[in-house]
Amino acid sequence: MTYALLISVRFHDGRYHGAGNWPPSPARLFQALVAATAEPVLSGANRDALEWLERQVAPTIAAPAAHLGQHVSLFVPNNDLDAKGGDVRRVGEIRKATKHIRPRLFDAAVPLLYVWRIDAQGTQSADCVCRIAEGLYQLGRGVDMAWAVGEVLDESDAKARLAEYPGAIYRPSSGGGGVKLACPEEDSLTSLEDRYKA
């Protein structure tokens, strides 16, 4: 029997400030799941579940229609003191940063859905991913507050949820057309941990 892991993500506001294409990529969701469970440490069961998830094929994604909002420029301190060797006396040299913000706007009442097809052996790992999803607090930039709910469903129930979805459906393909979204792959978790330690 075939099952599905469905992660439903809702945003506090109908705005997404994250970089890249719409919808947020499966790799970005994976990063948010890692952040949701990595404090204070990433435990054995959660680590195993995330390593299982990074080995799954790309999910189907359902996303509400979105359009670009107004462009805003913010003049803020650049927090990259490392670029100046950590010398606080040189902080004035990095205080000229401009952040360009142009959020995507969408209906916050419509959740994003990420649906992975899984087999019966994967349901235990999928259940753990569902528990991890409960700790998700943002997706995208720090201002993109969000929460998630995970479910393990029969494949037919997942198909029915997608069939009644009011937005666009993005299905994985091996062709070169369509929207290209980054997906986690084997060792994505290790890469994120290495970057965090560095």
Side-chain angles (χ1 to χ4, degrees), residues 1-11 16 18-38 42 45-66 104 106-140 144 146-192:
M1 184 173 206
T2 307
Y3 296 89
L5 166 61
L6 184 149
I7 296 180
S8 174
V9 180
R10 291 184 183 271
F11 285 84
Y16 177 73
N21 289 328
W22 178 260
S25 73
R28 188 164 297 272
L29 175 63
F30 185 79
Q31 290 173 331
L33 292 170
V34 171
T37 191
L42 187 56
N46 289 348
R47 171 181 292 286
D48 292 344
L50 290 169
E51 288 175 343
W52 169 83
L53 184 61
E54 71 185 6
R55 292 190 304 269
Q56 302 309 301
V57 297
T60 297
I61 303 170
R104 294 188 187 264
F106 56 93
D107 183 355
V110 180
L112 278 93
L113 304 179
Y114 296 82
V115 183
W116 286 265
R117 291 184 64 198
I118 61 173
D119 56 26
Q121 291 93 354
T123 56
Q124 185 174 358
S125 295
D127 284 336
C128 189
V129 172
C130 291
R131 289 190 295 276
I132 291 170
E134 292 175 6
L136 189 139
Y137 56 92
Q138 69 186 45
L139 178 61
D144 295 323
W147 67 95
V149 175
E151 303 172 73
V152 177
L153 306 169
D154 290 336
E155 186 179 20
S156 59
D157 293 337
K159 285 181 179 178
R161 293 273 289 274
L162 290 171
E164 65 188 25
Y165 189 80
I169 307 294
Y170 300 84
R171 299 184 191 283
S173 76
S174 57
V179 177
K180 293 182 181 179
L181 299 172
C183 290
E185 57 188 41
E186 195 162 353
D187 293 326
S188 290
L189 179 59
T190 301
S191 175
L192 289 172

Report summary line: Separation between CG (L50) and SG (C128), nearest 0.5 Å, reads 7.5 Å
Report summary line: Heavy-atom closest pair (A146 atom, V9 atom, distance to 0.1 Å) is CB-CG1, 4.0 Å
Report summary line: Nearest heavy-atom approach of A4 to V115 is CB-CG1, 3.9 Å
Report task. Could you pull out the closest heavy-atom pair between L33 and A133, with the gap in Å? Result -> CD2-CA, 3.7 Å
Report task. Could you name each residue pair satisfying salt bridge (Lys or Arg N to Asp or Glu O under 4.0 Å) that touches residues 53-65, not counting sequence neighbours? Result -> none
Query raised in the report: From Q56 CD over to C183 SG, what is the distance, rounded to the nearest 0.5 angstrom?
Result: 12.0 Å
Requested in this report: Go through the structure and list residues passing side-chain contact (heavy atoms from CB on, under 4.5 Å) with A35, not counting sequence neighbours.
Outcome: Y137
Requested in this report: Would you confirm whether D119, through its side chain, and G122, through its main-chain N or O, come within 3.5 Å as a donor-acceptor pair?
Outcome: yes
Report task. Identify, with sequence neighbours excluded, every residue that meets side-chain contact (heavy atoms from CB on, under 4.5 Å) alongside A32. Result -> L136, L139
Query raised in the report: Given the rule in the side chain to side chain contact (heavy atoms under 4.5 Å, CB included) test, do V129 and W116 qualify, once you have shown the distances and angles that lead to the verdict?
Result: CA-CA 12 Å; V129 172; W116 286 265; over 6 Å; no
Requested in this report: Please answer whether the main-chain N or O of P64 pairs with a side-chain N or O of W22 as donor and acceptor at a distance below 3.5 Å.
Outcome: yes
**Report entry** Within-4.5 Å side-chain heavy-atom neighbours: L181 and P26
**Finding:** yes
Query raised in the report: Which pairs pass side chain to side chain donor-acceptor pair (under 3.5 Å) with one or both residues in residues 122-132, sequence neighbours excluded?
Result: none
Query raised in the report: Ignoring hydrogens and geometry, is there a side-chain-to-backbone donor-acceptor pair from N21 to V179 under 3.5 Å?
Result: no
Requested in this report: Quick one: pull up CD1 in I61 and CG in L29 and give me the separation to the nearest 0.5 Å.
Outcome: 8.5 Å
Query raised in the report: How long is the gap from CH2 on W52 to CD on Q121, to the nearest 0.5 Å?
Result: 11.0 Å
Query raised in the report: Got a second to check how far D144's CG is from Y16's OH, nearest 0.5 Å?
Result: 6.5 Å
Query - Partners meeting side-chain contact (heavy atoms from CB on, under 4.5 Å) with P111 (sequence neighbours left out) - result: S8, R10, L113
Report task. Mind jotting down which residue pairs meet the salt bridge (Lys or Arg N to Asp or Glu O under 4.0 Å) criterion with at least one end in residues 148-168? Sequence neighbours excluded, please. Result -> R117-E155, E151-R161
Query raised in the report: Which heavy atom of F106 sits nearest a heavy atom of A66, and at what distance?
Result: CB-CB, 4.1 Å
Report summary line: Taken to the nearest 0.5 Å, the spacing of L53 CG from N46 CG works out to 12.0 Å
